[in-house]
Protein chains: 2
Amino acid sequence: MMWNTGFVTKRPYHHGALDSALLEAAMDVVANDGMGALSLRDLARTLGVSPSATYRHFPSRDHLVAAVSQRARERLATAMIVARDAVPATGTKANRSVRRFAATGRAYVTFAVQTPSLFEAAFVPCPVTPPTPEDPNAWSVLVGAVDEMVEAGAVPVARRDEAPLIAWAGVHGLSTILTASVQPPESGLEAGHHAAIDTVIDGIIRAIR
Amino acid sequence: MMWNTGFVTKRPYHHGALDSALLEAAMDVVANDGMGALSLRDLARTLGVSPSATYRHFPSRDHLVAAVSQRARERLATAMIVARDAVPATGTKANRSVRRFAATGRAYVTFAVQTPSLFEAAFVPCPVTPPTPEDPNAWSVLVGAVDEMVEAGAVPVARRDEAPLIAWAGVHGLSTILTASVQPPESGLEAGHHAAIDTVIDGIIRAIR
DNA sequence: TCGGGAATGTGAACGCTGCTCACATTAGCC
DNA sequence: GGCTAATGTGAGCAGCGTTCACATTCCCGA
């Protein structure tokens with residue numbers, strides 16, 4: 001019996017797509033207010049559902065966190081790929097491979113600066129449901145960009161193995177620094193993030209060349 | 001009325017040094033189980049004191065977190081200074097300045113790997129009681145090490161401003177990577193952390209030279 | 001078409017947390 | 001010695017994650 005007793009249309013007993021609705025709402029909350037603001041009860045309230053209903057779809061809060069983290073990692077990798085493929089195919093092959101690499105690195109840091117909460121979510125420890133190497137991740141995109149440079153002769157073969165680590169450390173460190181409230185006191189960052197990004201990416205390229 | 005009614009010696013009504021005892025206990029909890037395990041009630045319980053007593057010394061949990069974070073930042077900076085000053089005074093001035101710089105960077109990452117929870121605590125956002133540039137911090141130690149290199153002619157003056165940012169991004173990024181559970185899949189890290197640290201620090205030196 | 005099991009949602013409860021407030025106790029100072 | 005400020009207590013509030021018995025509905029097979 002779910003027919004209206006008055007003018008108000010009652011919600012059906014079953015939500016229908018609570019599963020994805022929970023994840024969507026969770027993504028919104030995290031993107032806006034950070035991972036710490038994620039609350040199952042609050043989500044249930046927003047979706048007009050009882051708190052215990054959420055447990056039919058996520059066995060615990062940590063599982064929801066893991067799902068949000070995976071989506072965040074996907075978005076980061078996608079942003080890097082999009083930026084890399086937007087680089088015009090001009091100049092020498094070596095030059096182009098370097099520009100494509102720089103674009104992926106820039107996209108990494110830009111993602112962190114523009115959506116810091118999602119960046120945080122992407123690297124939050126998920127003891128349950130740990131990330132698998134199969135699904136899209138920033139590391140593989142970075143390795144691919146480095147391989148391109150090696151193939152194009154822009155990076156010596158001897159550095160093929162260590163270059164991705166250096167690159168990742170650089171962009172990830174800069175991202176964390178720019179994202180965190182703990183800013184370097186009296187550094188040159190007031191001039192904006194773009195200068196910092198260029199500085200670090202140029203440094204990375206010098207380091208692996 | 002606090003005289004014994006039996007053989008057991010009762011604790012005095014006032015703890016005496018609850019202030020520092022709370023901070024000490026908090027440091028222990030954080031170092032062992034991470035920042036998320038910090039609970040005022042739990043602390044009060046272990047110190048044999050009522051939960052509300054803690055609020056006489058820290059107006060909120062966030063203030064305790066900020067205090068722990070500051071101590072962690074102090075320890076990190078101290079570890080870097082100790083490592084730098086342990087470098088033997090051999091070789092040319094330029095060479096020595098580079099070795100001292102490398103030692104500070106190595107100490108940074110080593111601190112993160114050996115005491116990951118304290119490293120995490122050091123960079124946790126503290127909206128209340130934000131870190132001041134006056135008290136010891138890793139950034140200033142790093143800037144000092146770079147300045148030494150510039151003065152010794154090991155780093156061009158033109159890079160004086162950008163070198164600390166590149167260095168910090170590198171060591172901080174590597175620290176975060178090695179600390180986080182999200183490890184680079186199939187990277188060369190299995191050979192141990194030392195190789196990764198050397199790789200990144202050598203890269204940093206190439207980048208700023 | 002109907003009936004029954006599986007899937008999904010509900011409401012009340014438990015124990016934990018941070019935090020507040022009125023009150024008790026004590027330390028230190030005039 | 002007595003008064004004030006500092007410090008500790010206990011009860012209580014609201015919110016959280018989680019569980020459990022129960023209600024409702026979907027869907028598939030007879």
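First the proteins, then the strands, lettered A, B, ... as listed; each starts at 1. Since we're looking at a predicted model, the values are computed, not measured.
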*CA sep, side-chain torsions, deciding dist, call: Glu151(A), Arg160(A), salt bridge (charged side-chain N to carboxylate O under 4.0 Å, His left out)*: CA-CA 10 Å; Glu151(A) 248 104 272; Arg160(A) 175 174 234 139; 2.5 Å; yes
*asked:* I'd like to know if the side chain of His172(A) pairs up with that of Ser175(A) as donor and acceptor (distance under 3.5 Å, no hydrogens or angles considered).
replied: no
*Could you pull out all residues at least two apart from Phe101(B) that satisfy ring pair (Phe, Tyr, Trp, His ring centres under 6.0 Å)?*
none
*Considering residues at least two apart in sequence or located in another chain, which fulfil the side-chain contact (heavy atoms from CB on, under 4.5 Å) criterion with Ser69(B)?*
Arg73(B), Val124(B), Cys126(B)
*Quick one: which of dC19(C), dT10(C), dA22(C) gets closest to the side chain of Ser50(A)?*
dT10(C)
_For atom CG of Asp42(B) and atom P of dT17(C), their distance in whole Å_ = 6 Å
*Expressed in angstrom and rounded to an integer, what is the separation of Leu43(A) atom CG from dG9(C) atom P?*
14 Å
_Atom-to-atom span, CG of Leu22(A) to P of dG17(D) - whole angstrom_ = 12 Å
_Parallel, tilted or perpendicular: ring planes of Phe123(A) versus Trp168(A), cut at 30 and 60 degrees_ = tilted
*Rounded distance in Å - CG (Leu38(B)) to P (dT17(C))*: 12 Å
*If you check the Tyr55(A) side chain, which of dG8(D), dT18(D), dT10(C) turns out closest?*
dT18(D)
*Over 60° means perpendicular and under 30° means parallel, so classify the ring planes of Phe119(B) and Tyr108(B), tilted if in between.*
perpendicular
*Rounded interatomic separation in angstrom, taking CG from Leu18(B) and C1' from dA27(C)*: 15 Å
*Between Asp19(B) (CG) and dT7(D) (P), how many Å, whole number?*
8 Å
*Side chains of Leu18(B) and Arg56(B): closer than 4.5 Å at any heavy-atom pair?*
no
*Check DNA chain D against residues 57-66 of chain A and give the residues with a non-hydrogen atom under 4.0 Å, in numerical order.*
Ser60(A), Arg61(A)
Could you list, one pair per line, each protein nitrogen or oxygen that sits under 3.5 Å from a nitrogen or oxygen of nucleotides 12-16 of chain C, together with the distance?
none

*asked:* According to side-chain contact (heavy atoms from CB on, under 4.5 Å), who are the partners of Ala37(A), at least two apart in sequence or on a separate chain?
replied: Val29(A), Asp33(A)
*Whole-Å gap separating C1' (dT20(C)) and CG (Leu40(B))*: 13 Å
_Can you list everything that forms a side-chain contact (heavy atoms from CB on, under 4.5 Å) with Thr78(B)? Sequence neighbours excluded, please._
Val82(B)
*Over how many whole Å does the gap from Arg56(A) atom CZ to dG11(C) atom P extend?*
14 Å
